[in-house]
Amino acid sequence: MEELEAQETRLEDDFLGHLWPPFTQMAGLKPTIMERAEGAVVYDTEGNAYIDAFASLWTVNVGHGRKEIFDAVQAQAEKLAIYHIFQIANEPSIKLAAKVASLMPGDLNHVFLTLGGGESVETAVKMARQYHRNRGHGTKYMVLFRDRSYHGTTMTSTSAQGLSVNRHKFEPLLPGFIKIGAPYCYRCAWNKTYGDDCKMECARAVEQEIAFYGAENVGTMLGETMIGTGGVIPPVPEYWPMVCETCKESDVLVINDEVITGFGRSGTWFGFQQFGSDPDLVTLAKGLSSGYLPLGAVGARDHVFEAFLGGPGEAFMSGATYNGHPLCSAAGLANLEIVEREHLVERCHEVGAYMQAGLKTLLAHPIVGDVRGVGLVAGIEYVQDKATREWFPPAVGAAAKVRDEAFKRGVFVRLLGGGNCHAVAPPFIITTEQIDRVVSVLDESIAVVEKQLGF
């Protein structure tokens, strides 16, 4: 017993003294160290169990502890653990690209493998720029992105960052990135009400900005199919069809960021199928391997790929050592086999409706302004006044307090949306009983915080 306690103390000391985690203030941090996981539950080194209601950063779609993935990686490691794919390839990378292409609709037939979402976005933006240059339109370098967007932490994805808290420390950022308003009906930037006086200004803003900067200069429209980290904001049905039509008229490539919604979380294989988009490029990660090994991808339509055919000067001049890594690709293949075999996309749709209905009951609380989502992803937005929709001052940290209360009670949810929202995005294999527990814990935690704040 004493030896175990000493080991835990050493781990905590090494955590605080040596490990530097992302997006974490280390001063005063009380370490929580996760040790093992199974299904939708993760356990820390002290034996506490938590329902992983965020699937380890909306990633572990098939759940924790899937032996099929371990076995596939081990089998591949025994054959070929590592070899690059510059001008050559390995078997699992070929099979994975073909599998991903088979799942995507239309002529999204070409798959560039990466190691994660940020790298996928970086790659897609570079693809779009070289696409226009290869076709003799090198001035079309500008990228439109939306308020409240999140696309990763590379310099390119930070330049397309619609959350100021994640970008202002790194200014000046890359030139040519143009921010437009988001399709955020709860807080419409144009002060309209959807279905009433709404004229889809959020979609028309794309046409207006292309006209302002000139179609000869704007080359790319980058957007999460459904805004995720910015607060889980599904678009209205008219949004993406209007945006895609405008972009095609002006020869602007549409990149749909599907890092969160790809591979089933919204209740369809890809969110753009559900929301009516018609992208030229699609960025993927997270659910591609359920996070078992780092893996991402960019899907490209035939016309994009064909612009890179020709001589050495037309080849896509980007890549990295570990693109198409055989072990990561093997993990991705095994993961997708599970999703298909267990019909997890369909389950996401069915169980997602149950989760959405349960979370909607939280609207009875005076500090819960909105609950929104699709499939197995939802956002809960906290306000200090429901009538005005005014957020709490940052110093109050109401949403953070609710998160901490829920964590004490064995449920992990993620703070996002600039600190005013939670996301709930559990593994697809979560049970309805576990969903009931998540809702119950959030209900109790919100009540505790309301009492603290005098509601």
Side-chain angles (χ1 to χ4, degrees), residues 54 145-150 161-168 179-205 223-239 260 275 355-374 377-406 413-425 438-439 442-455:
F54 200 58
F145 70 99
R146 282 101 55 85
D147 186 35
R148 306 199 70 75
S149 61
Y150 179 88
Q161 177 72 248
L163 294 166
S164 61
V165 68
N166 291 338
R167 65 176 286 145
H168 68 83
K179 187 173 80 169
I180 60 177
Y184 185 11
C185 293
Y186 185 66
R187 296 182 182 278
C188 178
W190 294 268
N191 295 314
K192 304 294 185 181
T193 301
Y194 179 66
D196 185 5
D197 58 347
C198 171
K199 299 191 186 314
M200 293 302 298
E201 281 89 343
C202 54
R204 296 183 190 281
E224 297 157 280
T225 316
M226 178 200 72
I227 289 173
T229 300
V232 184
I233 306 169
V236 296
E238 299 92 336
Y239 179 78
I260 292 170
F275 298 120
M355 185 186 83
Q356 299 293 340
L359 292 174
K360 287 283 187 184
T361 65
L362 301 177
L363 286 166
H365 286 277
I367 69 169
V368 176
D370 195 24
V371 176
R372 52 187 177 255
V374 292
V377 56
I380 305 166
E381 184 165 346
Y382 297 89
V383 296
Q384 66 176 352
D385 188 317
K386 281 196 174 187
T388 65
R389 302 182 180 181
E390 183 181 359
W391 282 323
F392 286 93
V396 174
K401 286 181 168 68
V402 175
R403 173 204 60 193
D404 295 345
E405 291 293 334
V413 293
R414 179 73 175 166
L415 184 69
L416 43 69
N420 300 295
C421 302
H422 289 149
V424 180
V438 170
V439 174
L442 285 171
D443 185 36
E444 182 181 342
S445 301
I446 294 167
V448 168
V449 172
E450 285 173 338
K451 186 175 181 180
Q452 292 172 357
L453 298 177
F455 282 84

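Just so it is clear, the structure is predicted and the values come from calculations on it, not from any experiment. Note that the numbering runs from 1 along the sequence shown for the chain.
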- Begin from the C-alpha positions of V424 and L442 and carry the test side-chain contact (heavy atoms from CB on, under 4.5 Å) through to its verdict. CA-CA 10 Å; V424 180; L442 285 171; 4.3 Å; yes
Under the criterion side-chain contact (heavy atoms from CB on, under 4.5 Å), I'd like the reasoning laid out for W391 against Q384: C-alpha separation, chi angles, the key distance, then a yes or no. CA-CA 6 Å; W391 282 323; Q384 66 176 352; over 6 Å; no
* **Working for side-chain contact (heavy atoms from CB on, under 4.5 Å), residues L362 and L359** => CA-CA 6 Å; L362 301 177; L359 292 174; 4.0 Å; yes
Take V236 and M200 through the side-chain contact (heavy atoms from CB on, under 4.5 Å) test and state the conclusion after the steps. CA-CA 9 Å; V236 296; M200 293 302 298; 3.6 Å; yes
Taking only distance into account, with no hydrogens and no angle test, what donor-acceptor pairs under 3.5 Å do side-chain atoms of residues 447-455 form with protein atoms, sequence neighbours excluded?
from	atom 1	to	atom 2	distance (Å)
E450	OE1	H365	ND1	2.9
E450	OE2	H365	ND1	3.3
E450	OE2	I367	N	3.3

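Across W190 and A205, no two heavy atoms sit closer than the pair CZ2-CB, 4.1 Å. Among all heavy-atom pairs drawn from G231 and C421, the shortest one is CA-SG, 4.2 Å. Contact detail for A423 and L416: the closest heavy-atom pair is CB-CD2, 3.4 Å. Nearest heavy atom pair, residue S149 against residue R146, reads OG-O, 2.7 Å. Across all non-hydrogen atoms, the minimal contact from L163 to G418 is CD2-N, 4.4 Å. When all heavy atoms of M355 and V377 are compared, the closest pair comes out as CE-N, 3.7 Å.
Partners of Y382 under the ring-ring contact (aromatic ring centres under 6.0 Å, His included) rule, at least two apart in sequence or in another chain, are H422. Under the rule for a ring-ring contact (aromatic ring centres under 6.0 Å, His included), the partners of F54 that lie at least two apart in sequence or sit in another chain are W58.
Annotation: the span from N166 atom CG to Y150 atom OH amounts to 6.5 Å, rounded to 0.5 Å. Remark: I260 CD1 to T225 OG1 distance equals 10.0 Å, nearest 0.5 Å. If you take CZ on R204 and CD1 on I180, they are separated by 13.5 Å, rounding to the nearest 0.5 Å.
Judged by distance alone, the side chain of R389 and the main-chain N or O of D370 form no donor-acceptor pair under 3.5 Å. A donor-acceptor pair is defined here as one N or O able to donate and one able to accept, closer than 3.5 Å; such a pair exists between the side chain of K360 and the backbone of V371. For R148 (side chain) and G417 (main-chain N/O), a donor-acceptor pair under 3.5 Å exists by modelled atom type. Of the possible donor and acceptor atoms, none in the side chain of E405 sits under 3.5 Å from a partner among the backbone N and O of I446. Looking at R403, its side chain never comes within 3.5 Å of a backbone N or O of L415 through a donor-acceptor pair.
Within the 4.5 Å cutoff, the side chain of M226 has heavy atoms near those of the V232 side chain. Between T361 and D443 the shortest side-chain heavy-atom distance does not fall below 4.5 Å.
E381 has a carboxylate O that lies under 4.0 Å from a charged side-chain N of R372, or vice versa, which qualifies the two as a salt bridge.
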